[in-house]
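Notes to accompany the following structure.
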Amino acid sequence: MTAKIAYADVEVGTELPAQIFPVTRATLVRYAGASGDFNPIHWNEKFAVEVGLPDVIAHGMFTMAEAIRVVTDWAGDPAAVVEYGVRFTKPVVVPNDDKGATIEVSAKVAALLDDQQVRVDLLAKSGDQKVLGMSRAVVRLA
């Protein structure tokens, strides 16, 4: 597969379609099983509160993975992402109710690079809190 977006069709400031990702306790259990990360801060409310967290929190790598979906969906090929990094700034707190939490992700092309590549800057928030900082991806386009 290759990216479906052509380098010639983007410019600095091009906005990618924003997405909202729901996160429930069930989501965290499924992710824990798939990743092998069974840290109790991700599923045990009592433990999470005892260690100073407001409630159970989403896995950082889960949050990071959800955010990059905005880029891979836009590019049309996950392999188009050649570099991706973030700083974890705030946790995604996931209450034990029917709604859970959401991760809202927007992104835009921040720089045109050599070799058909662009740098995409992402903004990931949960509620009104920024949950990822310095979230950037380098993507090779068609």
Side-chain angles (χ1 to χ4, degrees), residues 1-5 7 9-142:
M1 290 177 58
T2 60
K4 294 183 179 10
I5 302 292
Y7 181 82
D9 293 339
V10 300
E11 57 190 36
V12 171
T14 298
E15 293 186 13
L16 285 61
Q19 295 188 50
I20 297 174
F21 303 101
V23 186
T24 64
R25 295 281 178 96
T27 307
L28 300 182
V29 170
R30 286 191 300 273
Y31 182 81
S35 69
D37 182 351
F38 294 101
N39 186 324
I41 64 172
H42 303 303
W43 58 270
N44 185 320
E45 185 174 334
K46 181 179 180 291
F47 183 85
V49 171
E50 285 176 355
V51 298
L53 295 168
D55 204 332
V56 165
I57 63 169
H59 302 73
M61 296 303 286
F62 171 81
T63 304
M64 187 177 176
E66 290 291 79
I68 197 64
R69 287 177 55 190
V70 167
V71 177
T72 59
D73 288 355
W74 171 73
D77 180 9
V81 176
V82 296
E83 188 177 313
Y84 177 46
V86 306
R87 289 194 180 148
F88 301 105
T89 57
K90 298 280 184 187
V92 175
V93 178
V94 183
N96 191 19
D97 60 18
D98 293 336
K99 295 186 333 186
T102 58
I103 303 168
E104 304 95 28
V105 183
S106 59
K108 66 180 176 180
V109 174
L112 302 176
L113 308 172
D114 295 334
D115 196 26
Q116 304 290 99
Q117 296 181 62
V118 297
R119 189 187 88 217
V120 175
D121 290 354
L122 297 92
L123 174 62
K125 296 172 69 175
S126 184
D128 59 358
Q129 299 230 349
K130 186 175 175 183
V131 295
L132 298 176
M134 299 293 292
S135 184
R136 296 179 173 172
V138 174
V139 184
R140 181 171 287 114
L141 300 178

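As the structure is a computational prediction, the values presented were derived from the model and not from experiment.
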To the nearest 0.5 Å, what is the distance between [atom1] ([X]) and [atom2] ([Y])?
{"X": "Ile68", "Y": "Asp73", "atom1": "CD1", "atom2": "CG", "result": "10.0 Å"}
{"X": "His59", "Y": "Ser35", "atom1": "NE2", "atom2": "OG", "result": "4.5 Å"}
{"X": "Glu104", "Y": "Asp128", "atom1": "CD", "atom2": "CG", "result": "9.5 Å"}
{"X": "Tyr84", "Y": "Thr72", "atom1": "OH", "atom2": "OG1", "result": "9.5 Å"}
{"X": "Thr102", "Y": "Gln19", "atom1": "OG1", "atom2": "CD", "result": "13.0 Å"}
{"X": "Asn39", "Y": "Phe47", "atom1": "CG", "atom2": "CZ", "result": "6.5 Å"}

Closest contact, heavy atoms only, [X] versus [Y]:
{"X": "Val92", "Y": "Ser126", "value": "CG1-OG, 3.7 Å"}
{"X": "Asp121", "Y": "Ala110", "value": "OD2-CB, 3.3 Å"}
{"X": "Val93", "Y": "Pro54", "value": "CG2-CG, 3.6 Å"}
{"X": "Leu28", "Y": "Val56", "value": "CD1-CG1, 3.6 Å"}
{"X": "Ala67", "Y": "Leu122", "value": "O-CD2, 3.3 Å"}
{"X": "Val105", "Y": "Ala124", "value": "CG2-CB, 4.2 Å"}

Does some side-chain heavy atom of [Y] sit less than 4.5 Å from a side-chain heavy atom of [X]?
{"X": "Phe88", "Y": "Met61", "result": "yes"}
{"X": "Thr27", "Y": "Phe62", "result": "yes"}
{"X": "Ile57", "Y": "His42", "result": "yes"}

Holding to salt bridge (Lys or Arg N to Asp or Glu O under 4.0 Å), I want the full list of residues that pass it with Glu50, two or more places apart in sequence or in another chain.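 So Glu50 forms a salt bridge (Lys or Arg N to Asp or Glu O under 4.0 Å) with Lys46.
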Apply side-chain contact (heavy atoms from CB on, under 4.5 Å) to the pair Leu112 and Val10, showing each step before the final yes or no. CA-CA 9 Å; Leu112 302 176; Val10 300; 4.1 Å; yes
Start with the C-alpha gap between Val70 and Phe21, add the side-chain angles, then the distance that decides, and say whether side-chain contact (heavy atoms from CB on, under 4.5 Å) holds. CA-CA 10 Å; Val70 167; Phe21 303 101; 4.1 Å; yes
List the atom pairs, with distances to 0.1 Å, where a side-chain N or O of residues 132-142 and a protein N or O form a donor-acceptor pair under 3.5 Å, not counting sequence neighbours.
| unit_1 | atom_1 | unit_2 | atom_2 | d |
| --- | --- | --- | --- | --- |
| Arg140 | NE | Asp115 | OD2 | 3.4 |
| Arg140 | NH2 | Asp115 | OD2 | 2.9 |

For the residue pair Glu45 and Asn96, confirm or rule out a side-chain donor-acceptor distance under 3.5 Å.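 There is no such pair between these side chains.
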Checking Thr89 side chain against Lys130 main chain: does a donor-acceptor pair fall under 3.5 Å?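 Checked: pair present.
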Does the Trp43 side chain pair with the main chain of Val29, one donor and one acceptor, at a distance under 3.5 Å?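 Not confirmed, Trp43 side chain does not pair with Val29 backbone.
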Return each pair, listed once, that meets salt bridge (Lys or Arg N to Asp or Glu O under 4.0 Å) where at least one residue sits in residues 56-69; pairs must be two or more places apart or across chains.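 Residue pairs with at least one partner in residues 56-69: Glu66-Arg69.
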